[in-house]
Amino acid sequence: MTSEREFNAATVEEAIVRAAASLGTPVDELTYEVMDSGSSGFMGIGARDARIMVTVNESTNEIMDPQPETPDPGVSDDDHEPQAPESPEADEETQKTVPDELLQETRQYMETVVGGLNLADARLDIYDAGDFVAVDVTTEEAGLFIGQKGETIDALQYLLNVAVYRDRPFAKRIILDSEGYRQRRIEALQGMAHRSARRAVREKRMIELPPMNPAERRVVHIFLKDNERVTTASDGAGDNRRVCISPA
Amino acid sequence: MDRLEDLLTFVARSLVDEPDQVEVSSTEDDSRVDLELRVAPDDVGKVIGRQGRTIRSIRTVMKAASVKIGKRVNVEVAD
């Protein structure tokens, strides 16, 4: 008998090592398929875990299969840390995974919304990515789902987070993505930050960027943090808040 | 437009304490759809949100949902 189990980690290599450790199978004997080679993103935004689907041979794996309800000190399971971590924040990779019912509720919500938007050929990929819960929407109509400057995907992400955490304690932010939009947006913002910083230095004056949401402003601030020739600050209120880049 | 009404009803129900009291009605003409959202009095704040962020997000999502019917959509919360 065989079954499939999914493993994720920052890179495909790490996911393979993790799968091998968890299943008690040598790395070179694993049968797996790479589902997503992952992306490092930028400061945790746009990052996507690498994911592999491992075909598990049940007969060799019975003893190693982790039983969450009855922890057996003699058998190692997914959590192959030498001892319980002192501070949970110390290693983001070992964060508690979110309960399945949270992922299921997220799926139900997204299935309904994707139907309501009448998106063609939409496919949902929902998983715990360690730092956050990832919802990846594959559709031929990604432009409609994302909206101008991401307004639709951001609005939906906000509503989804409010709805899912309405009657349970907050666990991890749920981040929506489609067709690599988050990563592309970060790269576009960094390009804009870079060009505007050069212009601020060349023209010896403050350059104002267009209004952005907090996450996007953060990308710009962090990107220019190590640039000694400029300083950045945010100015304005609410929807009109923008990053200002001044020569140092 | 049933699809728009259903979507707005679903999104609103996911935000409030009394989902049974969520009601959506619509009026439609050639160029626009007006959706009226009715919720329990104590839930009005929940669908509007801090500084109107929730209702703004709802309107953005409903706007995307109306693209395919080629009409402007307007969402108002009844009071």
Side-chain angles (χ1 to χ4, degrees), chain A residues 101-102 104-122 135 137 139-168 173-176 178 181 211-215 236-241, chain B residues 1-26 28 33-37 39-40 42-77:
Chain A
E101 46 103 14
L102 189 151
Q104 276 158 22
E105 189 180 327
T106 302
R107 174 168 290 281
Q108 276 165 14
Y109 186 99
M110 288 306 298
E111 277 172 358
T112 307
V113 168
V114 157
L117 290 173
N118 210 359
L119 285 182
D121 293 328
V135 177
V137 181
T139 166
E140 284 174 15
E141 295 180 296
L144 175 61
F145 180 71
I146 293 164
Q148 274 182 22
K149 292 180 195 156
E151 63 171 13
T152 308
I153 198 171
D154 284 345
L156 207 46
Q157 176 173 301
Y158 174 74
L159 293 172
L160 171 65
N161 276 275
V162 173
V164 168
Y165 291 114
R166 202 180 66 87
D167 35 34
R168 61 160 66 83
R173 225 162 109 80
I174 307 170
I175 295 185
L176 297 187
S178 184
Y181 166 73
M212 294 174 191
N213 67 36
D239 282 352
N240 207 31
R241 201 160 165 81
Chain B
M1 219 19 220
D2 282 353
R3 179 166 62 81
L4 297 189
E5 281 187 34
D6 289 349
L7 180 60
L8 179 57
T9 305
F10 171 78
V11 169
R13 283 194 172 142
S14 71
L15 299 169
V16 300
D17 288 334
E18 300 192 59
D20 292 347
Q21 292 198 45
V22 171
E23 277 175 38
V24 173
S25 58
S26 69
E28 188 178 1
V33 181
D34 289 304
L35 295 167
E36 190 182 55
L37 174 62
V39 301
D42 286 350
D43 282 332
V44 171
K46 294 208 174 63
V47 294
I48 291 175
R50 246 186 317 130
Q51 293 174 340
R53 185 169 178 191
T54 306
I55 189 66
R56 208 162 58 231
S57 297
I58 291 174
R59 288 185 175 125
T60 301
V61 171
M62 295 311 298
K63 193 172 88 183
S66 71
V67 165
K68 284 193 179 171
I69 54 171
K71 292 185 186 185
R72 283 179 56 85
V73 66
N74 181 42
V75 181
E76 290 299 333
V77 182

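As the structure is a computational prediction, the values presented were derived from the model and not from experiment. Below, chain A is the first sequence line, B the second, and so on; all start at residue 1.
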Task: Portion of B:Arg53 that has a non-hydrogen atom of chain A nearer than 4.5 angstrom - done: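 It is both, since atoms from each part get that close.
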Task: Under 4.5 Å from any heavy atom of chain A - which part of B:Val67 - done: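 It is the side chain, since no backbone atom gets that close.
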Under 4.5 Å heavy-atom distance to chain B, tell me which part of [X] shows up: side chain, backbone, both or neither.
X	answer
A:Glu141	side chain
A:Leu119	backbone
A:Asp154	neither

- [ ] Compute the centroid of each ring, for A:Tyr109 and then for B:Phe10, and state whether the two points are separated by less than 6.0 Å.
- [x] yes
- [ ] Look at the side chain of A:Ser178 and the backbone N and O of A:Ala142, then say whether any donor-acceptor pair between them is shorter than 3.5 Å.
- [x] no
Open item on the list: Do B:Thr60 and A:Glu151 pair up side chain to side chain, a donor and an acceptor below 3.5 Å, judged on atom types alone?
Closed with: no
Open item on the list: Pair A:Glu101, A:Arg107 - check salt bridge (charged side-chain N to carboxylate O under 4.0 Å, His left out), show working.
Closed with: CA-CA 10 Å; A:Glu101 46 103 14; A:Arg107 174 168 290 281; over 6 Å; no
Review item, side-chain donor-acceptor pairs of residues 42-50 of chain B, under 3.5 Å, at least two apart:
unit_1, atom_1, unit_2, atom_2, d
B:Asp43, OD1, B:Asp17, N, 3.1
B:Asp43, OD2, B:Asp17, N, 3.3
B:Asp43, OD2, B:Glu18, N, 3.0
B:Lys46, NZ, B:Asp17, OD2, 2.9

Open item on the list: Between B:Arg13, B:Arg56, B:Gln51, who has the most heavy-atom pairs with chain A when the cutoff is under 4.5 Å?
Closed with: B:Arg56
- [ ] Tell me, out of A:Asp167, A:Leu156, A:Val162, who's got the most heavy-atom pairs with chain B below 4.5 Å.
- [x] A:Leu156
TODO: Heavy atoms only: give me the nearest B:Ile58-B:Leu8 pair and the separation to one decimal.
DONE: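 Shortest heavy-atom contact: CG2-CD1, 3.5 Å.
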